[in-house]
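I have placed the structure first, in the form of structure tokens, so that the comments after it can refer back to it.
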Amino acid sequence: MLSGANVVLPTGTVKNGQVVIEGTRITRTAPESAQVIDVTNHWLVPGFVDLHNHGGGGASFTSGTVDDVLKGIRTHQSHGTTTLVASTVTGDMDFLAQRAGLLSELAEQGDLAGIHFEGPFISPCRKGAHAENLLRHPDPAEVRKLVDAARGQAKMVTLATELPGGIDSVRLLAEQGVIAAIGHTDATYEQTVEAIDAGATVATHLFNAMPQIGHRAPGPIAALLEDERITVELINDGTHLHPASLQLAFHHAAAHRVAFITDAMDAAGFGDGRYLLGPLEVEVSEGVARLVEGGSIAGSTLTLDRAFKRAVTVDRLPVEDVVAAISANPARLLGMSDRIGSLEPGRDADLVLLDHQFDLKGVMRRGEWVVDPQLG
């Protein structure tokens with residue numbers, strides 16, 4: 001029994017609350033023999049859920065071995081991410097299908113929550129850190145090839161839905177129960193509305209890799225912010241977004257439609273240096289990742305504990321809103337809110353312990369400490 005913390009629940013924060021863990025689950029009542037851990041003056045929040053993550057700890061989900069992928073997963077677990085979707089970057093179709101097979105095995109055994117394909121079905125005008133020579137139109141048959149290669153573990157595909165085949169691919173994904181995410185797009189406002197009507201439900205890292213808002217050509221950002229069917233991903237690292245842009249998203253989408261992501265690459269939790277993101281070389285300096293050629297931002301080195309602390313201490317968001325964005329909302333998108341995303345009884349014992357300054361002190365995943373607060 002973890003006792004004395006500010007416990008953040010969907011209904012609000014309980015001061016001097018308690019969370020009881022039995023085995024791998026949260027339960028209502030503690031037996032008399034329960035171990036009691038005093039966590040007074042701390043915050044207890046649900047384990048973080050990352051929908052969009054390319055790696056960490058020096059390991060890549062796109063190109064690493066099984067051991068590399070596990071190293072990246074464990075790196076992010078140590079920073080509070082108890083549920084993680086592995087994201088790929090643009091590559092040859094056969095290679096991506098092969099990676100889907102490897103990652104799906106890890107998803108089947110419970111290490112990953114699924115696979116997110118970011119590319120190759122994106123706009124060359126907004127390619128970011130994706131190899132232009134490997135980009136292609138979102139032909140529904142090719143989209144289906146990647147989904148099938150994931151053996152039921154494909155959770156999300158990012159598309160430039162204005163490209164030929166984009167709308168039909170959105171419909172295909174919706175029929176397959178896979179999230180169609182609008183991103184790396186050069187779409188107009190009207191084209192974005194059409195994609196949403198076809199079944200798209202997520203904006204891949206809103207504001208980044210898409211046209212800016214214009215007063216005569218509002219573009220995709222306005223369409224994505226205004227529609228209740230869309231959840232917007234935000235990278236809250238202080239580099240990808242100006243604080244005012246983050247506030248704009250929370251004001252228009254409200255906390256129930258925001259999902260904090262890392263978009264992390266290998267350097268997350270590892271350090272500065274040279275890395276590969278797919279076939280492209282990346283230089284990480286002072287924690288900011290940019291392509292060696294061209295200088296585009298190339299993912300992030302963010303971990304979700306840092307995103308959480310920044311949201312509360314710099315952006316001054318209510319803790320409850322941050323918990324929604326970092327746990328509950330992504331859990332709902334993944335169709336897993338009956339198991340994760342809250343500290344309600346019956347859910348998996350996935351939780352994060354933060355001190356009064358919102359620094360991470362403990363992480364539990366399925367009832368086992370990943371970071372033990374008693375060990376420091």
Side-chain angles (χ1 to χ4, degrees), residues 1-2 5 7-14 17-30 43-53 73 76-77 80-86 103-104 106-116 147 150-157 173-181 199 201-202 228-233 253-261 304 308 319-353 363-370:
M1 183 168 69
L2 303 174
V7 180
V8 183
L9 300 172
T11 52
T13 298
V14 178
Q18 64 183 35
V19 174
V20 180
I21 296 101
E22 184 174 358
T24 63
R25 297 293 182 92
I26 297 169
T27 188
R28 288 190 183 277
T29 56
W43 292 82
L44 269 177
V45 300
F48 307 149
V49 182
D50 196 351
L51 294 169
H52 187 155
N53 187 314
I73 293 168
H76 285 282
Q77 286 177 355
T81 299
T82 52
T83 301
L84 186 150
V85 175
L103 294 171
S104 65
L106 293 173
E108 288 160 2
Q109 65 190 38
D111 293 297
L112 291 170
I115 304 166
H116 162 221
V147 171
R151 303 200 303 263
Q153 300 300 329
K155 296 299 181 183
M156 183 162 65
V157 179
L173 292 168
E175 290 168 3
Q176 295 292 312
V178 179
I179 296 166
T201 56
V202 166
E228 282 290 322
R229 294 170 289 182
I230 292 292
T231 298
V232 298
E233 294 182 347
H256 71 283
R257 289 207 292 121
V258 173
F260 280 144
I261 61 163
L304 283 180
F308 192 112
V319 174
E320 295 81 3
D321 288 357
V322 179
V323 168
I326 214 164
S327 300
N329 298 341
R332 171 180 48 79
L333 280 170
L334 293 173
M336 299 175 68
S337 56
D338 60 330
R339 285 184 46 209
I340 62 171
S342 80
L343 297 179
E344 295 171 290
R347 303 304 196 274
D348 287 354
D350 292 355
L351 56 86
V352 175
L353 181 69
V363 181
M364 178 178 283
R365 184 173 187 265
R366 297 179 187 171
E368 298 287 338
W369 288 113
V370 177

Closest heavy-atom contact between [X] and [Y]?
{"X": "Arg257", "Y": "Ile230", "result": "NH1-O, 2.6 Å"}
{"X": "Asp350", "Y": "Leu343", "result": "O-CD2, 3.8 Å"}
{"X": "Met336", "Y": "Ala113", "result": "SD-CB, 4.2 Å"}
{"X": "Val85", "Y": "Ile115", "result": "CG1-C, 3.7 Å"}
{"X": "Ala30", "Y": "Met1", "result": "CB-SD, 4.1 Å"}
{"X": "Arg366", "Y": "Gly110", "result": "NH2-O, 3.5 Å"}

Report task. May I ask you to check whether over 12 heavy atoms, not counting those of Glu368, lie within 6.0 Å of atom CD? Result -> no
Query raised in the report: Is atom CD of Gln176 surrounded by more than 12 heavy atoms (other residues, nucleotides or ligands) closer than 6.0 Å?
Result: yes
Requested in this report: Scan side-chain atoms only and decide if Asn53 and His76 contain a donor-acceptor pair under the 3.5 Å cut-off.
Outcome: yes
Query raised in the report: Does the side chain of Ser104 pick up a donor-acceptor pair with the side chain of Arg151 at under 3.5 Å?
Result: yes
Requested in this report: For His52, enumerate each residue passing the ring-ring contact (aromatic ring centres under 6.0 Å, His included) test, keeping only those at least two apart in sequence or located in another chain.
Outcome: His54, His116, His205
In Å, rounded to the nearest 0.5 Å, how long is the span from [atom1] of [X] to [atom2] of [Y]?
{"X": "Leu51", "Y": "Met156", "atom1": "CG", "atom2": "CE", "result": "5.0 Å"}
{"X": "Thr24", "Y": "Arg347", "atom1": "OG1", "atom2": "CZ", "result": "13.5 Å"}
{"X": "Glu233", "Y": "Leu333", "atom1": "CD", "atom2": "CG", "result": "9.0 Å"}
{"X": "Leu84", "Y": "Gln77", "atom1": "CG", "atom2": "CD", "result": "8.0 Å"}
{"X": "Phe48", "Y": "Leu351", "atom1": "CZ", "atom2": "CG", "result": "10.5 Å"}
{"X": "Leu304", "Y": "Thr82", "atom1": "CG", "atom2": "OG1", "result": "9.5 Å"}

Does [X] reach the side chain of [Y], with side-chain heavy atoms less than 4.5 Å apart?
{"X": "Val20", "Y": "Arg28", "result": "no"}
{"X": "Thr27", "Y": "Pro345", "result": "no"}
{"X": "Ile21", "Y": "Met364", "result": "yes"}
{"X": "Val323", "Y": "Phe308", "result": "yes"}
{"X": "Thr83", "Y": "Asp50", "result": "no"}
{"X": "Leu2", "Y": "Leu44", "result": "yes"}

Report task. Test Leu334 against Val49 for side chain to side chain contact (heavy atoms under 4.5 Å, CB included), laying out the working first. Result -> CA-CA 10 Å; Leu334 293 173; Val49 182; 3.8 Å; yes
**Report entry** side chain to side chain donor-acceptor pair (under 3.5 Å) contacts in which one or both residues fall within residues 320-338, not counting sequence neighbours
**Finding:** Thr13-Glu320
Query raised in the report: Stepwise, does the side chain to side chain contact (heavy atoms under 4.5 Å, CB included) test hold for Leu103 with Leu112?
Result: CA-CA 8 Å; Leu103 294 171; Leu112 291 170; 4.0 Å; yes
Requested in this report: Could you please spell out the steps behind the side chain to side chain contact (heavy atoms under 4.5 Å, CB included) verdict for Trp43 and Leu353?
Outcome: CA-CA 6 Å; Trp43 292 82; Leu353 181 69; over 6 Å; no
**Report entry** Derivation and outcome, side chain to side chain contact (heavy atoms under 4.5 Å, CB included), residues Val258 and Thr231
**Finding:** CA-CA 6 Å; Val258 173; Thr231 298; 5.9 Å; no
Report task. Could you tell me whether Arg25 and Asp348 make a salt bridge, using a distance below 4.0 angstrom between a side-chain N and a carboxylate O? Result -> yes
